[in-house]
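What you see below is based on every heavy atom in this structure, not just the backbone, and it leaves out hydrogens, waters and symmetry mates. Within every chain, numbering begins at 1; the chains are lettered A, B, ... in the order of the sequence lines, protein sequences first and strands thereafter.
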Number of protein chains: 2
Amino acid sequence: MKKKKISIADIAKATGVSTTTVSFVINKKAKNNVSTAVIEKVEKYIKEIGYKPNLLAKGLRTGKTNIIVFMVEDISDRFFSSIARLMEEKAYKNGYKLIFCSTENDTERSRELLTLFKDRQVDGFIITPPVGFEEEVKTLIEEKIPVVLFDRYFEDIEVSHVVIDNMESMFKSVNSVFGKGCRNVAFITTDSKQSQMMGRLSGYEKAVRQHGAPRLVKEIPFFGVKEKSAVEEIQSFLDANPGLDGMVFSTNYLTKAGLKVLKNNKISIPGDMAVLSFDDDELFELYTPTISALSQPVESIADKLMESLLKQLNGKAEKDAIIQTELMGSLIERESTG
Amino acid sequence: MKKKKISIADIAKATGVSTTTVSFVINKKAKNNVSTAVIEKVEKYIKEIGYKPNLLAKGLRTGKTNIIVFMVEDISDRFFSSIARLMEEKAYKNGYKLIFCSTENDTERSRELLTLFKDRQVDGFIITPPVGFEEEVKTLIEEKIPVVLFDRYFEDIEVSHVVIDNMESMFKSVNSVFGKGCRNVAFITTDSKQSQMMGRLSGYEKAVRQHGAPRLVKEIPFFGVKEKSAVEEIQSFLDANPGLDGMVFSTNYLTKAGLKVLKNNKISIPGDMAVLSFDDDELFELYTPTISALSQPVESIADKLMESLLKQLNGKAEKDAIIQTELMGSLIERESTG
């Protein structure tokens, strides 16, 4: 029961103009070549019959699709999905559609997804790059495809990015825990070597040095870190370090695992243990006690991402279009460090 | 610095075969028409020069793209983003890539997104349809494009869907609250008329009738329901109904708003008020007290969605390919109804 597809030739025949003219009108390139009367006649007919150009074919000719791809580490992570939602709104307001995919921080899968979208000619990319994605980013730049990196970046590549000043934000956070009189403050993190995680570790180390306190770092293997293994790893770290009076977590999912461990061990927060999370979560506001957190400015991040990408989409010269933004997180002090 | 694009003609020239032969090899249609030696020669050359067929153009010819689109109401909602993540894994294992977009339950936007993907010839759709999306779904079916609805459906359309038995699941949930000795159990919901919400309301009404208890329903306007307005609406409902001893919420985000209100009013759970949420959330497990919830079986939902879509993708006859699945939710009784 499929309707016969209307072609440009059909429209040309019905309106008595050439197929070239119809094509000009459809692709909005008729202004200088075709009279207004003809443009109006063709547009009126197209509207009447409900003709829709084949955008897949159109993409082949014009290279402009008004689609932005947001390649995010994990779409089920609250931080990424909040940014994704905000970006969706902003893209929509600027006449773009946003589509997402999850890289799961898997380099090979990220490559496949990137190839898939490049082959389908989207207009631009926002990417939280996995480890080993340098060549892909360089190639995008060489091919003059708009791209902005997000959450982590590569120091050696001249490319737009929007990240948090992880070092200073974490330094400020850990300092606040020492400020409450804690002496043995542990840092629970992953073994990821990506820029955002290394920045957080440096911030902790700087604070520890400044306070002449011991460096107590637990690195949990990144792959599978969201599973129950995190709870087990934190438990054994706690057993091995009985003198702890403060715990700072480098991500919100590690904090959640840590809260389960502290609850299981009936360790009172903040009486026996101060707790602070890098990256806020709605749970922390509702938990008893409420949990202090370094909050990433999701609205500003989304604004900057869109601004940076639009500058490239609007065809600014490359060098001029590179915007590298570092934003500060806000420290929200709640009961867990009170 | 863009490399010159290699064409099929270039490959034909270099390997001394016709462009038709090259095209057969690239599109894996050479088996019956071309000798094995020639296929091997062409494939070897393609590999050597790193030629990649233009898949956008290829999509135009073959109509097969190995892409599934998951149009979800709100990618930042925990329920949807969990399903999205599971689906991504399952799609990947079956040789498909999954891409997402957020409809925000906005009918016009959903139409635009659907058109966008149809124009780009993806292989199939999984959709949480907004109100008024019947015609679009019917058209997909007429055009024989694989489609599975999810979370809500249209009774009048013969189409595959995976939903929860909202009525029975909610009936069971509200019954358990009456079972704890509550008499005045309120139902806090939205004013949405979609199938999943109407099912939940019916389940509540059935339980209330069975117990001869008063029907106490608060419908909060669906648009903007995730904003602070929900807190205000629940507060004023609570003020107007001082005799309540139980509250059942139809979604997890309404439960969260309700918990804020109860905390603000220093109402003790479950002493003064039993609380139950339709749709679980990791918060409910960690909250003090822990919150009882009707948990939707996300793993089974994702399994069934993939199974239903694959059946259509693998070209089963239409009637035979329709799978309509209703799954039961599991009642998880925690402290809030203890």
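Of the two parts of A:Y92, only the side chain, counted from C-beta on, holds a non-hydrogen atom closer than 4.5 Å to a non-hydrogen atom of chain B. Neither the backbone nor the side chain of A:F70 comes within less than 4.5 Å of any heavy atom of chain B. Using a 4.5 Å cut-off between heavy atoms, B:L86 makes no contact with chain A at all. With a 4.5 angstrom heavy-atom cutoff, A:I99 touches chain B via backbone and side-chain atoms both.
Of the residues considered (B:K97, B:E89, B:K260, B:R78), B:K97 shows the highest number of contacts with chain A, using heavy-atom pairs under 4.5 Å. If you tally non-hydrogen atom pairs under 4.5 Å between each of A:K256, A:K118, A:E285, A:R109 and chain B, the highest count goes to A:R109. Counting heavy-atom pairs closer than 4.5 Å to chain A, the top-ranked of the candidates B:V69, B:L286, B:L113 is B:L286.
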*Between B:S102 and A:F100, is a side-chain contact (heavy atoms from CB on, under 4.5 Å) present by the stated rule, with each step listed?*
CA-CA 9 Å; B:S102 265; A:F100 317 112; 4.3 Å; yes
*Go through B:R85 and A:D74 one step at a time and tell me if the side-chain contact (heavy atoms from CB on, under 4.5 Å) criterion holds.*
CA-CA 8 Å; B:R85 190 183 184 175; A:D74 173 6; 3.1 Å; yes
*asked:* Go through it in stages, so that I can follow the logic: the residues are A:L283 and B:E282, the test is side-chain contact (heavy atoms from CB on, under 4.5 Å), and I'd like the CA-CA distance, side-chain angles, deciding distance and then a yes or no.
replied: CA-CA 8 Å; A:L283 167 70; B:E282 63 177 347; 5.5 Å; no
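Closest non-hydrogen pair, B:S81 versus A:I75, comes out as CB-O, 3.5 Å.
In this structure B:E108 satisfies the side-chain hydrogen bond (donor to acceptor under 3.5 Å, both in side chains) test together with B:R111, sequence neighbours excluded.
The OG1 atom of B:T290 sits 6.5 Å away from atom NZ of A:K263, with the distance rounded to the nearest 0.5 Å.
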